[in-house]
Amino acid sequence: MTMGTRVYLARLASLPVFDPNGDRVGRVRDAVVRLRTTNRPPQVVGLVAEMALRRRIFLPIGRVTSMDSEGVVLGTGSLNLRRFEKRPNELLVVGDLLDRRVTVVPEHGEGPDHTGVVVDIGMEQNRNTEWIITRIAVREHTGRLTRRGHVYQAEYDRVRGLVGPTDTQGTSNLLALLDQMRPADMANALQDLPDARRNEVAAALSDRKLADVLEELPEHDQVEILARLDRERAADVLERMDPDDAADLLAELPKAEQVVLLDLMEPEEAAPVRQLMNYRPGTAGSVMTSEPVILTPDTTVAEALARIREPELHPVIAAQVFVARAPSATPTGKYLGMVHFQRLLREPPASIVGGLVDSGIEPLRTETGLLEITRRMATYDLIAMPVVDSVHRLLGAVTVDDVLDHSLPRDWRDRDAYDERIRDSRDRDAHDEEPAP
């Protein structure tokens with residue numbers, strides 16, 4: 001990169017990061033800006049990259065050899081894997097500066113000031129090879145709900161309010177960036193935001209998107225975000241969560257609040273959640289999903305494949321269908337067996353699934369414990385197992401992600417708790433390696 005090359009930082013978000021050998025090592029999530037004590041423009045000191053296990057680290061800008069629309073390339077494969085923590089004199093471009101409401105003064109002092117929101121920030125290298133903020137891309141404020149203002153660029157020294165209280169910050173451009181992420185990555189990004197900013201962004205998400213993100217957040221963040229919503233909105237979001245995840249979240253709330261939210265939910269959406277909350281924790285009944293793919297035995301292979309192709313189905317749910325006699329909503333008629341999607345792909349489209357069922361796996365009962373579920377799924381290499389009642393009606397299915405979720409520590413989604421366990425583990429390892437006195 002040569003002096004005079006301008007790079008827009010928000011455009012780097014979500015781009016892959018490559019080592020000198022061309023191997024991908026992570027993905028850009030933000031850029032770090034250091035404020036300076038004089039009136040000089042802020043200096044960009046590095047990038048925040050997300051590595052394996054959603055761990056975010058700091059990449060010094062001096063380690064970067066190129067940045068373009070294809071990705072960011074590092075000049076070294078040696079990285080400091082310590083989790084990134086923002087210092088008091090630092091700001092994040094995406095987290096802190098994007099969507100700021102600013103005032104742009106006219107060139108040469110001629111004409112009125114203009115207001116708008118920040119949509120991107122441009123940096124350039126100066127003669128000292130420092131990366132300095134030089135340009136701000138601003139969307140003009142029109143004052144009309146139906147018309148978006150045009151985007152223009154202004155020199156940094158003409159922009160007022162870029163660095164200031166966070167209550168001058170909106171959400172639209174940050175939401176556009178987050179919308180490109182998977183729900184798990186979006187949840188991770190929200191954990192990096194200040195509480196007020198996180199709650200504001202979460203409230204601006206659609207019900208469907210917020211439901212997906214809540215399922216990926218630590219329980220204390222789930223409760224905090226849900227508590228900030230009005231109750232009608234909270235009930236709408238719970239309706240769009242998987243019933244088992246909604247039941248887990250409601251279980252973290254006071255009993256009186258559970259009752260209110262369940263009553264506000266649509267009865268057909270609340271019914272499976274209520275049922276799941278009745279089962280003892282750590283059993284198949286408490287961790288199962290009550291909405292697996294259930295087909296009657298006269299369903300054709302073509303119809304079954306069309307059903308599992310539906311985009312809203314999670315991959316683990318779409319990996320197999322469960323066959324039961326009518327009715328096909330849980331609790332169903334008599335459970336007959338299951339068919340893996342690979343078997344469906346090998347059969348003629350006109351074949352019926354009733355002739356393809358695997359009935360050799362004994363279903364789980366609602367009281368089966370997590371350890372036994374794990375043992376049986378591992379024994380038979382299964383992605384999901386059926387759960388039936390005493391008269392062999394299908395009640396739901398336990399999937400491998402349910403097992404993993406409930407086998408890990410309760411706070412496994414909380415990065416701070418994860419980092420503390422890593423530090424404790426390293427301390428123990430270091431102690432074990434000390435020579436005996």
Side-chain angles (χ1 to χ4, degrees), residues 182-183 207-208 211-212 215 239-247 266-273 275-276 284-285 287-366 368 373 376-405:
R182 295 174 182 268
D207 290 349
R208 174 75 267 172
D212 290 341
E215 293 175 0
E239 288 175 359
R240 285 159 178 78
M241 295 178 69
D242 289 340
D244 53 326
D245 290 310
E266 293 294 332
E268 64 272 18
E269 300 290 347
V273 178
Q275 184 59 52
L276 289 168
V287 304
M288 70 179 179
T289 175
S290 55
E291 297 179 346
V293 179
I294 304 171
L295 304 174
T296 54
D298 59 348
T299 304
T300 66
V301 167
E303 291 169 330
L305 289 172
R307 178 74 176 88
I308 65 175
R309 277 198 296 267
E310 293 180 4
E312 69 272 13
L313 289 178
H314 292 300
V316 290
I317 296 294
Q320 62 280 301
V321 300
F322 296 92
V323 183
R325 299 199 184 280
S328 56
T330 55
T332 67
K334 182 181 179 182
Y335 171 69
L336 300 176
M338 59 183 175
V339 186
H340 197 274
F341 83 95
Q342 285 184 323
R343 177 71 187 275
L344 295 173
L345 292 173
R346 292 195 295 263
E347 299 295 331
S351 300
I352 59 173
V353 298
L356 308 175
V357 295
D358 180 355
S359 56
I361 303 293
E362 183 67 22
L364 303 170
R365 302 296 291 269
T366 56
T368 305
I373 297 169
R376 292 172 63 180
M377 292 184 76
T379 298
Y380 298 110
D381 294 326
L382 295 175
I383 296 175
M385 288 196 70
V387 182
V388 300
D389 63 12
S390 59
V391 293
H392 223 64
R393 296 181 303 173
L394 184 66
L395 300 177
V398 177
T399 60
V400 67
D401 61 322
D402 295 325
V403 173
L404 286 172
D405 195 3

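None of the values given here were measured: they were computed from a predicted structure.
- With Leu382 as the fixed residue, the side chain to side chain contact (heavy atoms under 4.5 Å, CB included) test singles out one of Met338, Arg376, Gln320: Met338.
- Remark: Arg182 CZ is loosely packed, at most 12 non-hydrogen atoms of other residues, nucleotides or ligands lying under 6.0 Å away.
- Side chain of Thr300 to backbone of Glu303: a donor-acceptor contact under 3.5 angstrom is found.
- Between Asp389 atom CG and Leu394 atom CG the span is 9.0 Å, to the nearest 0.5 Å.
- Counting only heavy atoms from C-beta outward, the side chains of Val321 and Arg307 never approach each other to under 4.5 Å.
- Other residues, nucleotides and ligands place no more than 12 heavy atoms under 6.0 Å from the CZ atom of Arg325.
- Taking the side chain as every heavy atom from C-beta outward, Gln275 and Pro243 never approach each other to under 4.5 Å.
- Contact of the Val339 side chain with the Leu295 side chain is not registered, since no non-hydrogen atoms from C-beta on lie closer than 4.5 Å.
- Pro297 has its side chain within reach of Leu336: a pair of non-hydrogen atoms, C-beta onward, lies under 4.5 Å apart.
- Side chain of Glu239 to main chain of Glu266: a donor-acceptor pair is present (N/O by atom type, distance under 3.5 Å, no hydrogens or angles).
- Not one N or O on the side chain of Thr299 forms a donor-acceptor pair closer than 3.5 Å with the backbone of Val353.
- Remark: Arg343 CZ to Ser351 OG distance equals 9.0 Å, nearest 0.5 Å.
- Side-chain N/O atoms of His314 and Asp242 include a donor and acceptor closer than 3.5 Å.
- To the nearest 0.5 Å, the span separating CD1 on Ile361 from CE on Met385 amounts to 6.0 Å.
- Minimum heavy-atom separation, Gly396 to Thr330: N-CG2, 4.2 Å.
- Nearest heavy-atom pair across Ile308 and Leu313 is CA-CD1, 3.8 Å.
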Determine, step by step, whether Leu356 and Val301 satisfy the side-chain contact (heavy atoms from CB on, under 4.5 Å) criterion, reporting the C-alpha distance in whole Å, the side-chain angles of both residues, the deciding distance to 0.1 Å, and the verdict. CA-CA 9 Å; Leu356 308 175; Val301 167; 3.7 Å; yes
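- In this structure the side chain of Pro386 never reaches within 4.5 angstrom of the side chain of Met288, judged on heavy atoms.
- In this structure the side chain of His340 never reaches within 4.5 angstrom of the side chain of Asp358, judged on heavy atoms.
- In this structure, the side chains of Ile317 and Val293 come closer than 4.5 Å at one or more pairs of heavy atoms.
- Of all the heavy atoms in Ala324 and Tyr335, the pair that sits closest is CB-CA, 4.0 Å.
- Between Val387 and Thr366 the shortest side-chain heavy-atom distance falls below 4.5 Å.
- Considering all non-hydrogen atoms of both residues, Leu276 and Ala247 come closest at CB-CB, 4.0 Å.
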